[in-house]
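The chains referred to below are lettered A, B, ... by the order of the sequence lines, with proteins before strands, and numbering in each begins at 1.
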Amino acid sequence: MRIDRELLSGSALQVAPVLLGATLVSSIGGAEVLVRITEVEAYEGALDAASHAFRGQTKRNAVMFGEAGRLYCYFVYGMHWCANITCGRPGTAAAVLLRAARILDGEPVAQARTVARTQSRHSPAKLASGPARLARVLGLTGEHTGLDLLDRRSPVQLTALPAAGAEPPADYRTGPRVGVAAAAEHPWRFWLPDEPSVSAYRPGGRKRVAATRQTDAP
DNA sequence: TTGTCGATTGAG
DNA sequence: TCAATCGACAAT
């Protein structure tokens with residue numbers, strides 16, 4: 001089934017599981033890489049303390065407030081790019097972080113991009129295991145933010161959903177987001193079972209617990 | 001203008 | 001377990 005914008009216009013929580021199993025193709029740099037999404041995370045707007053859009057619109061997160069189906073890439077830890085697909089209605093911020101994928105075609109290109117950055121090779125299953133690794137094999141950086149993934153002329157396109165169509169896959173798993181301290185109580189991570197590319201879980205970083213006030217409040 | 005920290009990764 | 005490495009944003 002073809003992916004349309006309406007399908008992506010729901011909340012991040014609704015859209016995230018639907019993207020599991022979808023295929024994404026990048027022809028950036030003249031080399032084609034095709035992947036099947038195996039792991040994602042939902043990020044809402046004002047109601048999600050872990051979202052880049054939590055404190056309102058800024059230059060960086062502006063695309064999250066626009067129409068669904070656009071690419072949102074951000075730079076993190078001074079060296080990595082991570083990619084999201086925007087969702088929700090215009091005016092409402094929401095996006096789905098692409099955390100891992102299985103490489104269906106273009107593995108040599110993916111491997112070459114990895115070696116170029118790390119000086120070392122990865123096993124096929126790990127080439128796109130993790131948001132920064134996935135963005136790397138696809139050649140995605142900040143300059144690609146805003147690209148319409150539903151436009152056939154775009155160098156990066158969301159091509160198709162699995163046979164099930166607009167429904168989430170029959171079998172998938174959910175859990176807390178990886179490396180996110182805020183709003184950790186919600187299962188906003190979705191992944192396909194038995195997929196070697198799915199990244200390892202890691203609890204959120206320091207939450208800087210408000211003072212080590214062990215004693216009870218007055 | 002300055003200081004803090006991050007939706008991570010790879011080496012040790 | 002920890003360093004790398006820098007842009008965004010809140011605080012000054």
Any donor-acceptor N/O pair, A:Glu44 side chain to A:Ser51 backbone, under 3.5 Å: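 A pair under 3.5 Å: no.
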Between the side chain of A:Ser129 and the main-chain N/O of A:Ala100, is any donor-acceptor distance below 3.5 Å? no
Using whole Å, report how far [atom1] of [X] lies from [atom2] of [N].
X        : N     : atom1 : atom2 : result
A:Glu41  : B:dA7 : CD    : P     : 10 Å
A:Leu97  : B:dA7 : CG    : C1'   : 5 Å
A:Asn84  : B:dT8 : CG    : P     : 11 Å
A:Arg117 : C:dT5 : CZ    : C1'   : 11 Å

With distance as the sole criterion, is a donor-acceptor pair present between the side chains of A:Arg102 and A:Thr38 under 3.5 Å? no
Can you tell me which nucleotide in B:dA7, B:dG10, C:dT5 comes closest to the side chain of A:Met79?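 So the side chain of A:Met79 is nearest to C:dT5.
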Heavy atoms from C-beta onward define the side chain here; which of B:dT8, B:dA7, B:dG10 lies closest to that of A:Ser51?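 Between B:dT8, B:dA7, B:dG10, the one nearest the side chain of A:Ser51 would be B:dA7.
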Using Watson-Crick or G-U wobble geometry with both distances under 3.5 Å, which nucleotide pairs with B:dA7?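 Looking at the geometry, B:dA7 pairs with no nucleotide.
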Tell which nucleotide pairs with C:dT5, taking only Watson-Crick or G-U wobble pairs whose two distances are both under 3.5 angstrom. none
Would A:Tyr74 count as stacked on B:dA7 if the rule is ring centres under 5.5 Å and plane angle under 30°?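 Check failed, A:Tyr74 does not stack on base of B:dA7.
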Surrounding [atom1] of [X] (heavy atoms of other residues, nucleotides or ligands, distance under 6.0 Å), is the total greater than 12?
X        : atom1 : result
A:Leu104 : CG    : yes
A:Arg5   : CZ    : yes
A:Asp171 : CG    : yes

Would you please confirm or rule out a distance under 4.0 Å between OP1 or OP2 of B:dG10 and any side-chain N or O of A:His122?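 The answer is yes; a side-chain N or O of A:His122 sits under 4.0 Å from OP1 or OP2.
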Reckon A:Ser120 has a side-chain N or O less than 4.0 Å from the OP1 or OP2 of B:dA11?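 For B:dA11, OP1/OP2 do have a side-chain N/O of A:Ser120 under 4.0 Å.
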Apply side-chain contact (heavy atoms from CB on, under 4.5 Å) to residues A:Asp148 and A:Arg70 and explain how you reach the verdict. CA-CA 5 Å; A:Asp148 186 354; A:Arg70 299 270 178 171; 3.9 Å; yes
Going by heavy atoms closer than 4.0 Å, what residues in residues 124-149 of chain A are next to DNA chain B?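 Output list: A:Gly130, A:Pro131, A:Ala132, A:Arg133, A:Arg136.
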Protein heavy-atom contacts under 4.0 Å, written 5' to 3' over nucleotides 7-12 of chain C as B (base), S (sugar-phosphate only) or - (none), form the string SSSS--
How are the rings of A:Tyr74 and A:His52 set to each other: parallel, tilted or perpendicular (split at 30° and 60°)? perpendicular
A:Ser199 vs A:Arg99, side chain to side chain donor-acceptor pair (under 3.5 Å): CA-CA, chis, key distance, verdict: CA-CA 7 Å; A:Ser199 60; A:Arg99 285 200 56 88; 3.1 Å; yes
